[in-house]
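So you know, we letter chains A, B, ... as the sequences are listed, proteins then strands, and number each from 1. Predicted model, so just to flag it, every value in this text is computed and none were measured.
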Protein chains: 2
Amino acid sequence: MEVDQSDRRLLALIQDDCRQSYAELAKQCGLSPSTVHDRLKRLQARGIIKAQVAILDPIALGLDICAFVQITLSHPKTVAGFLDKVVKLPEVQECHHVTGDFDYLLKIRASNALALERTITDKIKTIEGVIRSHTAIALSSAKDTPAVDCGRTSQDQS
Amino acid sequence: MEVDQSDRRLLALIQDDCRQSYAELAKQCGLSPSTVHDRLKRLQARGIIKAQVAILDPIALGLDICAFVQITLSHPKTVAGFLDKVVKLPEVQECHHVTGDFDYLLKIRASNALALERTITDKIKTIEGVIRSHTAIALSSAKDTPAVDCGRTSQDQS
DNA sequence: GATAATTTCCGGAAAATATACGGAAATATG
DNA sequence: CATATTTCCGTATATTTTCCGGAAATTATC
């Protein structure tokens, strides 16, 4: 019932490339292909592997702009409605409730400045409760990955 | 040489789940499995599909804290060295050069407050050129996905 | 508008892979 | 030390991926 060293190695491998065959994965972590299969199936069932997805190139799809939008809500009453609507917007990749001067931090991808303006003005600022927004444009991204550090647990529970 | 409607539908499908068989994908977009294979292979070769990866649950791996750290650099001379080092840190998921009061925005995952402190104090603030940092903790995340909007190009080029 | 050239698409065969399963090894338990 | 439990592995089978030749459709050319 714990995530051991082999699991972590497997996770590190597949969060980089999940289309390697079990045979390859097995070689890279000293197990047999069937054991790799068993473990991955279990990790998926346990929800530790949340999904296996393709990472697309936004620019190739015409999404040239990435922006971070900070949002202030007027009242806690408006939170549920805000989240409900914002989560459904396909241009919103991330929506975090954060500490600090603003309440929420959104990561947004749009085709161009005009499209970004439309998203912010027409789709976000019109949501009930949104009383302030502050936008920062990403000029470039040196790193942008969903991969996490599988290195080792904070403290080993024996 | 363009990304057509079928490509976009395929991309939308696999950025949600890339382990569906070609037969299933084919069914869902009205093509034959071999055509799906052809198209996906080409999209990968063109770099539109950048990777296929597993999305892991950070909390299951003991990464309980997500934080956004804004960084100011003292001088353009220090940019290259900063990026070089910051990109290599496994706890840094994203590093964007942004407009606004700060220069860079980092998304960081750590086990706990202590580990986050260590990362910021020992690994980031020690990088040459870093003269200011501002950290916001994510209390919760309503959405956090690498998926983009495949809906349709900004304007169809005929 | 007919013909040719190019591209896209498809079916089927072969190879590679994933999956299921029974039993062996290792580990934990009493 | 015996037993129970878990992890691991090899093998056999089912599924999938991959390749290839040709048909269909689209586009270009005259």
Side-chain angles (χ1 to χ4, degrees), chain A residues 1-57 60-62 146-147 150-153 155-158, chain B residues 1-57 60-62 146-147 150-153 155-158:
Chain A
M1 205 22 138
E2 94 171 288
V3 182
D4 66 14
Q5 207 56 36
S6 292
D7 285 332
R8 287 179 184 276
R9 206 164 323 180
L10 277 174
L11 292 171
L13 288 169
I14 65 169
Q15 82 170 338
D16 192 57
D17 176 10
C18 68
R19 307 232 46 165
Q20 301 168 82
S21 68
Y22 295 153
E24 280 186 81
L25 293 171
K27 217 178 300 174
Q28 291 187 261
C29 64
L31 293 172
S32 78
S34 37
T35 299
V36 169
H37 178 252
D38 290 348
R39 282 177 177 263
L40 288 180
K41 203 172 168 186
R42 191 131 72 91
L43 288 166
Q44 192 122 31
R46 284 207 271 165
I48 295 169
I49 297 171
K50 293 206 294 181
Q52 295 182 246
V53 306
I55 306 294
L56 310 182
D57 180 9
L61 291 167
C150 297
R152 173 217 61 265
T153 150
Q155 71 277 350
D156 301 357
Q157 64 274 14
S158 60
Chain B
M1 207 21 145
E2 98 176 282
V3 181
D4 66 15
Q5 208 58 35
S6 291
D7 285 332
R8 285 177 185 276
R9 207 165 322 178
L10 277 174
L11 292 171
L13 288 169
I14 64 168
Q15 83 170 338
D16 192 58
D17 175 10
C18 69
R19 307 233 47 163
Q20 301 168 83
S21 69
Y22 295 151
E24 282 187 81
L25 293 171
K27 219 178 299 174
Q28 291 188 261
C29 65
L31 292 172
S32 77
S34 36
T35 300
V36 169
H37 178 251
D38 290 348
R39 281 177 176 263
L40 289 181
K41 204 172 166 187
R42 190 128 74 89
L43 289 166
Q44 191 122 30
R46 285 208 269 167
I48 294 169
I49 298 171
K50 292 206 295 181
Q52 295 181 249
V53 306
I55 305 294
L56 310 182
D57 181 10
L61 291 168
C150 296
R152 171 221 62 265
T153 149
Q155 70 278 350
D156 301 356
Q157 62 275 16
S158 60

Which parts of residues 48-56 of chain B get close to DNA chain D, meaning a heavy atom less than 4.0 angstrom away?
none
Residues touching DNA chain D, which here means a heavy atom under 4.0 Å, drawn from residues 19-36 of chain A:
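The stretch gives A:Arg19, A:Leu31, A:Ser32, A:Ser34, A:Thr35 as the residues lying under 4.0 Å from the strand, ordered by number.
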In residues 37-45 of chain B, what residues come within less than 4.0 Å of DNA chain C, judged by heavy atoms?
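Listed by number, they are B:Asp38, B:Arg39, B:Arg42.
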Can you find a pair of side-chain heavy atoms, one from [X] and one from [Y], that are under 4.5 Å apart?
{"X": "B:Val3", "Y": "B:Leu11", "result": "yes"}
{"X": "A:Leu40", "Y": "A:Val36", "result": "yes"}
{"X": "B:Leu56", "Y": "A:Ile49", "result": "yes"}

Consecutive Watson-Crick or G-U pairs in runs of at least 3, all under 3.5 Å, in which DNA chain C is involved
C:1-30 with D:1-30
Among all residues two or more places apart in sequence or in another chain, which pass the side chain to side chain contact (heavy atoms under 4.5 Å, CB included) test with B:Ala12?
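B:Ala12 satisfies side chain to side chain contact (heavy atoms under 4.5 Å, CB included) with B:Cys150 once adjacent residues are dropped.
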Measure the spacing between CG of B:Leu13 and CD of B:Gln20 and express it to the nearest 0.5 Å.
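It comes to 5.5 Å.
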Could you measure the distance from the CD1 atom of B:Ile48 to the CD1 atom of A:Ile55? Nearest 0.5 Å is fine.
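Between B:Ile48 CD1 and A:Ile55 CD1, I get 15.0 Å after rounding to 0.5 Å.
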Can you list every pair that meets ring-ring contact (aromatic ring centres under 6.0 Å, His included) and has a residue in residues 3-26 of chain B, with sequence neighbours left out?
B:Tyr22-B:His37
Looking at [X] and [Y], what are the two nearest heavy atoms and their distance?
{"X": "A:Val53", "Y": "B:Cys18", "answer": "N-SG, 3.5 Å"}
{"X": "B:Gly151", "Y": "B:Arg8", "answer": "O-CD, 4.3 Å"}
{"X": "A:Ala26", "Y": "A:Pro33", "answer": "CB-N, 3.6 Å"}

Would you mind listing every side-chain hydrogen bond (donor to acceptor under 3.5 Å, both in side chains) that reaches into residues 39-50 of chain A, with sequence neighbours excluded?
A:Asp4-A:Arg39, A:Asp7-A:Arg39
Nearest whole Å is fine: how far is C:dT27 P from A:Asp4 CG?
12 Å
Holding to side-chain hydrogen bond (donor to acceptor under 3.5 Å, both in side chains), I want the full list of residues that pass it with B:Ser32, two or more places apart in sequence or in another chain.
B:Ser34, B:Thr35
Listed once per pair and sorted, the salt bridge (Lys or Arg N to Asp or Glu O under 4.0 Å) pairs that draw on residues 9-21 of chain B, sequence neighbours left out
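Qualifying pairs, neighbours excluded: none.
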Covered region of DNA chain D, 5' end to 3' end, by chain A [heavy atoms, under 4.0 Å]
D:dT7 to D:dT17
